[in-house]
Amino acid sequence: MPELPEVETVAKSIEKHLIAKSFKSIHVNWIKTLDNFSLSDFKHKVKGLSVARVYRRAKYIIIDFNEVLLAVHLRMTGKLYVVNSIKPDQKHISLFLKFDNKYLIFEDTRKFGRFYLFDNLDYLNNKLGIEPLSNNFSKEWILENIKSKNRQIKSLLLDQSFICGIGNIYADESLWFAKIHPLSISSAIPNNKLIKLQTSIVKVLSESIKRGGTTIRDYTYDFSYVGNYALNLKVFNRSGKKCLRCKSIILKIKVAQRGTHYCPNCQTNK
DNA sequence: CCATGAACCTGGTCGC
DNA sequence: TGCGACCAGGTTCATG
């Protein structure tokens, strides 16, 4: 589910509730949600600490206490939100944290989501690639780094150790804007298309953040708020429909085991 | 270095 | 209505 824009939206929406607060307790229904720490670790290292900042790094939501941090990955179906009271019969609550008289809820139907406890960002920084919305993500960076790989371009865009934050939706959208076939070998893509790809990625991600992310299933981030970038999608989930540029029929194939949507007429250089 | 397939989970949809 | 097959916004690990 969530890619960079959705994670950014979630981080922003919970930040205002959590700043300067401290968690009093944790209640875990699905123990695997705690990836690299235990209930005892939480009690000794996190409980009582004041939240300094909440932000996004790649697809992780970081709750930063200065001396330690909690990193939350939503994976496919995770939802993180604040409520005033718990509904006892609510399904799919993997865990919740209590603070003040409120609760930070982690709801996750497919149970893939994970919480991590780190001393600092070193571990994540070492394994994650460039942030596509940072200044370092330039045309020069794209040309140098994509040319140096021999990978199917869509697969490369999904590789979090290369560029982080792009997922299945925005990979397809970015490639459509840049007119690149998703199976193109990265080293063989012409420079002008790679330059276009750089601007497309930045445009697609930042526009989605403005709109609060994409909603394909019903997905709410902050009480009643619903992202509406889905209304803006050009190829994703549009197989069988006409390309909005050339009227050809959008096709759906598998690339890197992911459903991949593209226009066979205007996305070329396979 | 790179591609593929399985695993981790639950629920929705589609065809018969 | 029921049932099986397949699909889903992500990541990791094993294998060739």
Side-chain angles (χ1 to χ4, degrees), chain A residues 1-11 29-36 56-61 71-80 90-95 106-116 123-124 126-129 132 145-176 182-188 201 204-205 208-209 211-221 226-240 252-261 270:
Chain A
M1 51 138 270
E3 305 179 35
L4 186 154
E6 289 73 31
V7 177
E8 177 85 22
T9 305
V10 173
N29 294 321
W30 186 256
I31 194 63
K32 286 181 172 180
T33 308
L34 306 186
D35 187 280
N36 69 337
R56 177 194 63 76
R57 170 74 172 101
K59 297 178 190 170
Y60 294 82
I61 297 153
V72 183
H73 200 301
L74 306 173
R75 294 287 172 84
M76 299 288 265
T77 55
K79 300 174 186 178
L80 192 66
Q90 196 176 353
K91 294 180 75 176
H92 309 310
I93 305 300
S94 286
L95 67 78
F106 186 61
E107 178 185 340
D108 186 19
T109 306
R110 289 178 68 181
K111 299 188 169 89
F112 292 164
R114 294 291 182 264
F115 276 54
Y116 306 83
Y123 175 81
L124 291 181
N126 284 335
K127 77 176 212 160
L128 293 169
N145 289 280
I146 291 191
K147 288 268 175 187
S148 69
K149 302 274 187 185
N150 292 299
R151 301 268 307 270
Q152 297 169 348
I153 185 64
K154 172 154 179 182
S155 180
L156 188 55
L157 293 182
L158 292 174
D159 184 340
Q160 302 298 299
S161 70
F162 185 67
I163 301 173
C164 64
I166 299 174
N168 207 33
I169 295 177
Y170 302 110
D172 282 3
E173 293 295 300
S174 301
L175 290 172
W176 182 84
L183 285 172
S184 298
I185 298 302
S186 55
S187 57
I201 289 169
V204 162
L205 295 176
S208 183
I209 289 173
R211 290 167 176 256
T214 295
T215 302
I216 288 176
R217 319 248 160 94
D218 56 324
Y219 191 81
T220 61
Y221 301 103
V226 178
N228 62 5
Y229 189 76
L231 302 172
N232 225 33
L233 295 175
K234 306 300 184 199
V235 270
F236 190 83
N237 251 7
R238 293 195 70 250
S239 56
K252 183 175 181 182
I253 60 173
K254 284 270 188 208
V255 178
Q257 269 119 249
R258 314 298 303 278
T260 297
H261 317 77
K270 181 180 166 182

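The chains referred to below are lettered A, B, ... by the order of the sequence lines, with proteins before strands, and numbering in each begins at 1. As a basis for the values below, the full set of heavy atoms in this structure was taken, side chains included, without hydrogen atoms, waters or symmetry mates.
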Should [X] be listed as having a side-chain N or O under 4.0 Å from OP1 or OP2 of [N]?
X	N	value
A:H73	C:dT11	yes
A:Q160	C:dG10	no
A:R258	C:dG9	yes

To the closest 0.5 Å, what do you measure between [atom1] ([X]) and [atom2] ([Y])?
X	Y	atom1	atom2	answer
A:S161	A:N126	OG	CG	12.0 Å
A:R114	A:H73	CZ	NE2	11.0 Å
A:L157	A:S186	CG	OG	9.5 Å

Tell me what [X] touches on the nucleic acid: a base, only sugar-phosphate, or nothing, going by heavy atoms under 4.0 Å.
X	answer
A:G113	nothing
A:Q152	sugar-phosphate
A:D108	nothing

What nucleotide among [options] has an atom nearest to a side-chain atom of [X]?
X	options	value
A:R151	B:dC2, B:dC9, C:dG9	B:dC2
A:K91	B:dA3, B:dG11, B:dC8	B:dG11
A:T109	C:dG10, C:dT11, B:dT10	B:dT10
A:H92	B:dC8, B:dT10, C:dG9	B:dT10
A:N168	C:dG10, B:dA3, B:dT10	C:dG10
A:W30	B:dC9, B:dA6, B:dT10	B:dC9
A:K149	B:dC2, C:dT12, C:dG9	B:dC2
A:K111	C:dT11, B:dT10, B:dA6	B:dT10

Checklist entry - When only distance counts, do a donor and an acceptor, one from the side chain of A:Q257 and one from the base of B:dG5, lie under 3.5 Å apart? => result yes

Item to check | ring pair (Phe, Tyr, Trp, His ring centres under 6.0 Å) partner of A:F115, chosen from A:F106, A:Y60, A:W30 | outcome: A:F106

Considering only atom [atom1], compute the distance from [N] to [M] and round it to an integer number of Å.
N	M	atom1	result
C:dG9	B:dT13	P	15 Å
B:dC9	C:dC3	P	25 Å
B:dG5	C:dC6	P	14 Å

Checklist entry - Under 3.5 Å, side chain of A:R56 to main-chain N/O of A:A58, donor-acceptor pair present? => result yes

Nearest whole Å is fine: how far is [N] [atom2] from [X] [atom1]?
X	N	atom1	atom2	value
A:K127	C:dT12	NZ	P	4 Å
A:D159	C:dT12	CG	P	10 Å
A:I93	B:dT10	CD1	P	15 Å
A:I253	B:dA3	CD1	P	13 Å
A:K79	B:dG11	NZ	C1'	12 Å
A:L74	C:dT11	CG	P	10 Å
A:Y60	C:dT11	OH	C1'	8 Å
A:K254	C:dG9	NZ	P	8 Å

Checklist entry - What residue among A:K154, A:K254, A:K252 forms side-chain hydrogen bond (donor to acceptor under 3.5 Å, both in side chains) with A:T260? => result A:K154

Next on the checklist: Taking pairing as Watson-Crick or G-U wobble with both contacts under 3.5 Å, can you name the mate of B:dG11, or confirm there isn't one?
Outcome noted: C:dC7

Item to check | Face-to-face contact A:F112 to C:dT11 six-ring, under 5.5 Å, under 30° | outcome: no

Next on the checklist: Between A:P132 and A:L205, is there a side-chain heavy-atom distance shorter than 4.5 Å?
Outcome noted: yes

Checklist outcome for this item: DNA chain C nearest-nucleotide lookup for A:K59 and A:K252: closer to the 5′ end is A:K252

